[in-house]
Structures are given as C-alpha cells and as structure tokens.
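So the structure is just underneath, and the comments pick up after that.
Residue indices begin at 1 and follow the sequence shown. Just so we're clear, the structure is a prediction, and the values are computed from it rather than from any experiment. Each ligand, and each atom within it, is numbered from 1 in the order the structure gives.
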Amino acid sequence: KTATADWLMSQTKHRPQVAIICGSGLGMLADTLKCQDSFAYADIPGFPQSTVQGHAGQLVFGELKGKTCVCMQGRFHMYEGHSLCKTTFPIRVFKLLGVETLIVTNAAGSLADGFQTGDIMIIKDHINFPGLVGLNPLCGPNDDKFGPRFPAMSGCYDKGLRCLAMEIAKELGVASVLQEGVYAMVGGPNFETIAEARLLHRLGVDAVGMSTAPEVVVATHCGLRVFGLSLITNKVVKSYEDTESVNHEGVLEIGRLRSHTVQQLPNSLSYF
Ligand SMILES: O=P(O)(O)O[C@H]1O[C@H](CO)[C@@H](O)[C@H]1O
Ligand code: HPA
C-alpha cells in the first residue's frame, strides 16, 4: 500500500481529502472533477483490475468545490474472485494519501415497501452477510498502524453527514426521491431467489447489493468518516406471481437515467 501511495504522490500534485467510490453505472460521478489527473488501474503498481461492465477501471484525481478528491471509477467485488483484502486495498491507499472522508455509492435492489426504482437511499447502517460468517477484510493479523484489532462499527455511517445530506437534498429539490435505510451485502454474483428476498425483507433490509460493506469496515477501522448512497435500480422480486426479473443492463440503465441527481449529493457533501 505504501509503495502504491508513494507512486501516486509522485505522479500527481493532488493531495485528496475526500475519496469517492462509484457504484455500477455511476462512473459519471468523476466527470465533474476539475483539473483531472487520471490513472488506469492497470498502470498503478499493486492495484487490482476491474472486470465488471459499468466499472471503467480508473482512478481520477481532481478538484470539487475547492476540495481535492480522488474518485474510483470502478470498484472491486468479492464475486470477481478478488480476496477481500484486494477489494479494499484502495481504502488504505487513500488513508496513506491523507483522505479523511470516504463517500461510497452503489447500485442496489430495494426490499422496502415504500421504495421506488430511481430513489436514492442514504445508507444508515449495513448488514455484512459475508462478514457475519467470517469473510471479513480485517481477518488475519491486525495492522496496528491502521486501527485496532476489534473496531466498533456502531457509528460507521457518520450521522452528521447523513443529516447534512438530508438538508442539501431539500435545498436541491430532490428530497422526494430520497430515502434512508439499511443496506445488506450479499456475496453474489447471482441475484436473489424469491425466498432469499423474503428473508432479507423480514430481516429489515431496505436495499441489497454485492459490495460496499467491506470497504466501509476497512475505512471505519482506519478512522475515515463515511457517507454512503444506494441508487435503487430495481425492486427485488418478492412474489411468485411476479414475472419480471432483474438484469445488470437494467441496473446500468437506471444509473444513466439518474446520473444527474446522483451526482448532486456527493458533489455538495464533499465540500464539508
Ligand atoms: O455494488 P455495485 O458495484 O454498485 O454494483 C451492483 O450492481 C451489480 C449487479 O448489477 C453488482 O455488482 C452489485 O453489487
Ligand atoms: O437486486 C439486486 N440484488 C443484488 N445486487 C444488486 N445490485 C443491483 N440490484 C441488485
């Protein structure tokens, strides 16, 4: 990680305070950065590679409303075959670069009854299903340089940033599509069966996806302030009568349709 951070610092003058991870189809979050320096993951020493459609695979540095940001256009998922250590590798690199705040975004399916496709959910908390059974990026020897052996996760989605996001959404006139809820990470890559969807619903899950939780665990471990957003790209099928089914192209399409709205919140938040 240190070698990667040193290499990046030798290649760009930007010293980011905020890092943004773009979810599936949400790579356009990087487009508004000014004075960009971009690096393909393939050219960054030690960096994993993106293999999923809708994840461009480059790191973009730039300025956003006077703050310096680094944006991952493309994240790493466990189902791609990466170890959890690899999927979260960039988080510790960001910490070494001086980042203080992490903004995570993702595409997710909704289970909550009141949610609509196209809504934006502020993540209040998560259920890390792989983590609960021991698939956790913090497994193995603890690196005390980054954080404690047994980190607390009770406040991992910063309350101040969540309240601020609500206020900003009202000012932007997008409060009607804003929700707040619990995100659950499942392993993927298959989407849920109807029985699994019903289970998640009964457990109080509002939105489900195949990423984010490991990144937030590693970020919280090393003391980053975290804000998370899910774009609701589909309703998870919970009824045997329902003939619709979800697919990745549909997920990416909702990202394109909602790009402008999704862009606004992280843009305004990174200012604080
Ligand atoms: O979580 P992100 O990367 O946004 O992507 C979500 O969308 C993909 C499925 O369409 C899965 O990778 C799921 O995790
Ligand atoms: O319905 C879903 N399930 C899991 N992951 C997802 N990512 C987007 N939509 C979904």
In chain order, what residues pass the side-chain hydrogen bond (donor to acceptor under 3.5 Å, both in side chains) check against D37, with sequence neighbours excluded? T12

Chi angles and distances behind the ring pair (Phe, Tyr, Trp, His ring centres under 6.0 Å) call for H82, F76: CA-CA 7 Å; H82 298 299; F76 309 114; 5.4 Å; yes

Answer yes if the side chains of S211 and N106 hold a donor-acceptor pair under 3.5 Å, and no otherwise. no

Write down, by chain and number, every protein residue that brings a non-hydrogen atom to less than 4.0 Å from an atom of ligand 2. A107, A108, G109, F191, E192, V208, G209, M210, T233, N234, V236, V251

Just grab all the salt bridge (Lys or Arg N to Asp or Glu O under 4.0 Å) pairs involving residues 228-241, residues at least two apart or on different chains. D113-K238

With the threshold set at 4.0 Å, does a side-chain nitrogen-carboxylate oxygen contact exist between E253 and R256? yes

In order of chain and number, which residues sit within 4.0 Å of ligand 1 by heavy atom? G23, S24, H55, R75, H77, Y79, N106, A107, F191, M210, S211, H248, V251

Knowing that exactly one of D143, N142, T88 qualifies, which makes a side chain to side chain donor-acceptor pair (under 3.5 Å) with H221? N142

Give a yes or no on whether the backbone of L8 and the side-chain of Q11 come within a donor-acceptor separation of less than 3.5 Å. no

With the threshold set at 4.0 Å, does a side-chain nitrogen-carboxylate oxygen contact exist between E180 and R162? yes

Determine yes or no for a side-chain-to-main-chain donor-acceptor pair under 3.5 angstrom, with R225 supplying the side chain and G160 the backbone. no

